[in-house]
Number of protein chains: 2
Amino acid sequence: MRKSEDTRNDRRLEHFRTVAREAGLKLTHQRLEIFRELAGTEEHPDAETIFRAVQQRMPTVSLDTVYRTLWTLHDLGLVTTLGPRREGVRFDANLDRHHHFSCVRCGLVRDFESAELDGLRVPDSVRRLGSVADAHVEVRGLCATCQRDRRTSRDPKPPATRGERR
Amino acid sequence: MRKSEDTRNDRRLEHFRTVAREAGLKLTHQRLEIFRELAGTEEHPDAETIFRAVQQRMPTVSLDTVYRTLWTLHDLGLVTTLGPRREGVRFDANLDRHHHFSCVRCGLVRDFESAELDGLRVPDSVRRLGSVADAHVEVRGLCATCQRDRRTSRDPKPPATRGERR
DNA sequence: TTAGGTGCAAATTCTTTGCACCCTG
DNA sequence: CAGGGTGCAAAGAATTTGCACCTAA
């Protein structure tokens, strides 16, 4: 498993180098580290989280560089964002076709793959709205951990999707 | 068409009244107007947009009331949010099962229905991650308008998903 | 060498909160 | 009439920007 993850990350990193070179981007330490961090996690972190992780190895990076770098990667098509728009951003370096499970309570997001779901057909009515670049399934529910917590603290009102401030 | 939209909105509004009453919420003008505004649009607006719309009829509302009301409605299950988490919020009063098309360029989001997609099966591997409350399809692409613009202004670099500041 | 990239700090933008008054139930 | 709800103004977060220095190519 570890082996295949390393391979996958190497492949992603290589792709990054190629695309960056073609675009005339400089391969700075910061960019490499930020991309490496994102490519190596399944967590779909936000900028702040990536910042903290990269800061370990590179104590002088700044948060704004992380932001700038992530958006640069995004504009190059090297990472995607979760959520429909620019705001509320969490990043994803997984460019393989995949789907998402997200917990409505704690915000956890996990990728999953499914050959069956990959094959889903987009209705013609949608094609009339615009061109289709991608179609994936979003599953919402309670993750295993939150199910357990919920059972413990049985509050009648929903704890609300909000809750978790940083 | 107009007729059926009115009916739909009346039904939503009635549902709101019922749920609010049961929860012991007061039915203030502000809440009614804010909900009505959301129930009557297909646009999945953010708080600011709703605020501006409601302000027309009710010049004294404040933006913070809009925020508070939307989250209250959300906690009661009367509206859902687009995007996986609390951040980056756009709201939706459509509780019927539906899917989304969103434009990667301008951020437009449209609902669509599909009996076929409603029936999609969530893999067992996902059920192991947690309980499944909902599964829907997110389609990303370029909307008709942006396709046209793109063709006109043929810039080689992507205009980026960002772009539109308020 | 040199243009693009970075860190820093300040500026913006977005959202939430404290408090006194108001209005629904 | 009472307690939740609202508006206002101010606080807090999150994200972006201007600028001088730095470094990959």
Side-chain angles (χ1 to χ4, degrees), chain A residues 16-35 45-52 54-55 57-76 78 81-83 85-91 107 157 160-166, chain B residues 16-35 45-52 54-55 57-76 78 81-83 85-91 107 157 160-166:
Chain A
F16 168 48
R17 287 173 184 280
T18 307
V19 173
R21 200 174 308 121
E22 286 173 0
L25 271 198
K26 290 184 181 171
L27 289 173
T28 61
H29 289 308
Q30 290 86 334
R31 285 177 176 165
L32 260 338
E33 285 302 321
I34 290 167
F35 183 82
D46 58 15
E48 177 84 33
T49 304
I50 294 174
F51 170 62
R52 283 197 295 261
V54 171
Q55 207 178 24
R57 304 159 145 243
M58 196 181 245
T60 67
V61 283
S62 62
L63 178 56
D64 59 270
T65 294
V66 174
Y67 274 109
R68 280 188 282 223
T69 299
L70 289 170
W71 285 118
T72 301
L73 296 176
H74 180 258
D75 291 349
L76 289 176
L78 289 164
T81 54
L82 298 195
R85 318 202 355 102
R86 224 214 84 263
E87 309 109 295
V89 194
R90 299 175 76 187
F91 296 86
K157 318 284 187 221
T161 316
R162 319 168 61 191
E164 356 66 48
R165 316 262 37 189
R166 293 224 181 76
Chain B
F16 168 49
R17 287 172 184 280
T18 307
V19 174
R21 201 176 305 122
E22 285 172 0
L25 271 197
K26 289 184 181 170
L27 290 172
T28 61
H29 288 309
Q30 289 86 336
R31 286 178 176 163
L32 260 337
E33 285 303 322
I34 289 166
F35 183 82
D46 59 13
E48 179 84 30
T49 304
I50 295 173
F51 170 62
R52 283 196 294 261
V54 171
Q55 209 178 24
R57 305 159 145 243
M58 198 183 241
T60 67
V61 284
S62 62
L63 178 56
D64 59 271
T65 293
V66 174
Y67 275 109
R68 281 188 280 223
T69 299
L70 288 170
W71 286 119
T72 301
L73 297 175
H74 180 258
D75 291 350
L76 289 176
L78 288 164
T81 53
L82 298 195
R85 319 200 356 100
R86 221 214 86 262
E87 308 109 296
V89 194
R90 298 176 78 188
F91 297 86
K157 318 283 186 221
T161 316
R162 320 171 59 192
E164 354 66 54
R165 317 259 39 191
R166 294 223 183 77

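Each chain gets a letter, A, B and so on, in the order its sequence line appears, and its residues count up from 1.
Side-chain contact between A:Thr28 and A:Thr69: absent, with no pair of heavy atoms (C-beta onward) separated by less than 4.5 Å. A:Leu32 is not listed as a side-chain neighbour of A:His29, based on a closest heavy-atom distance of 4.5 Å or more. Taking the side chain as every heavy atom from C-beta outward, B:Arg31 and B:Leu25 approach each other to under 4.5 Å.
Distance CG (B:Leu32) to P (C:dT24): 11 Å, rounded to an integer number of Å. The interatomic distance linking B:Phe51 (CZ) with C:dT16 (C1') rounds to 15 Å, in whole Å. When the C1' atom of D:dG12 is taken as reference, atom CD of A:Glu48 falls 14 Å away, rounded to whole Å. Counting to the nearest Å, the P atom of D:dA25 and the CD atom of A:Glu22 are 15 Å from each other. For the pair B:Arg31 CZ and C:dC23 P, the interatomic distance rounds to 15 Å; values are reported in whole Å. Protein atom CG of B:Leu70 is 15 Å distant from nucleotide atom C1' of D:dT6, rounded to whole Å. A straight line from CD1 of B:Ile50 to C1' of C:dT15 spans 14 Å, rounded to a whole angstrom. For the pair B:Glu33 CD and C:dT24 P, the computed distance is 13 Å after rounding to whole Å.
Between B:Leu63 and B:Leu25, the residue anchored nearer the 5' end of DNA chain C, judged by the nucleotide with its closest heavy atom, is B:Leu63. Projected onto DNA chain D by closest heavy-atom contact, B:Lys26 and B:Thr69 fall at different nucleotides, the more 5' of which corresponds to B:Lys26. Looking at which nucleotide of DNA chain C each of A:Val66 and B:His29 is closest to, the 5′-most match is held by A:Val66.
Checked against D:dA14, C:dT16, D:dG5, the side chain of B:Trp71 finds its nearest nucleotide in C:dT16. Nearest nucleotide to the side chain of A:Gln30, out of C:dG7, C:dG4, D:dG7: C:dG7. The side chain of B:Asp64 lies closest to D:dC8, out of D:dC8, C:dC8, D:dT6. Comparing D:dG7, C:dT6, C:dG25 by their nearest atom to the side chain of B:Val61 picks out D:dG7. Taking every side-chain heavy atom of A:Leu27 into account, D:dA25 is the closest of D:dG7, D:dA25, D:dG3.
Evaluation of atom-type donor-acceptor distances gives a pair under 3.5 Å for the side chain of B:Arg68 against the base of D:dG7.
Using a 4.0 Å cut-off, no side-chain N or O of B:Thr65 falls inside it from OP1 or OP2 of D:dT6. Checking the phosphate oxygens (OP1, OP2) of D:dT6, a side-chain nitrogen or oxygen of B:Thr28 falls inside 4.0 Å. For A:Tyr67, a side-chain nitrogen or oxygen approaches OP1 or OP2 of D:dT15 to under 4.0 Å.
Looking at every heavy atom in both residues, B:Leu27 comes nearest to B:Ala20 through CD2-CB, 3.8 Å. In plain terms, the two heavy atoms of B:Phe16 and B:Leu78 that are nearest each other are CD1-CD1, 3.4 Å.
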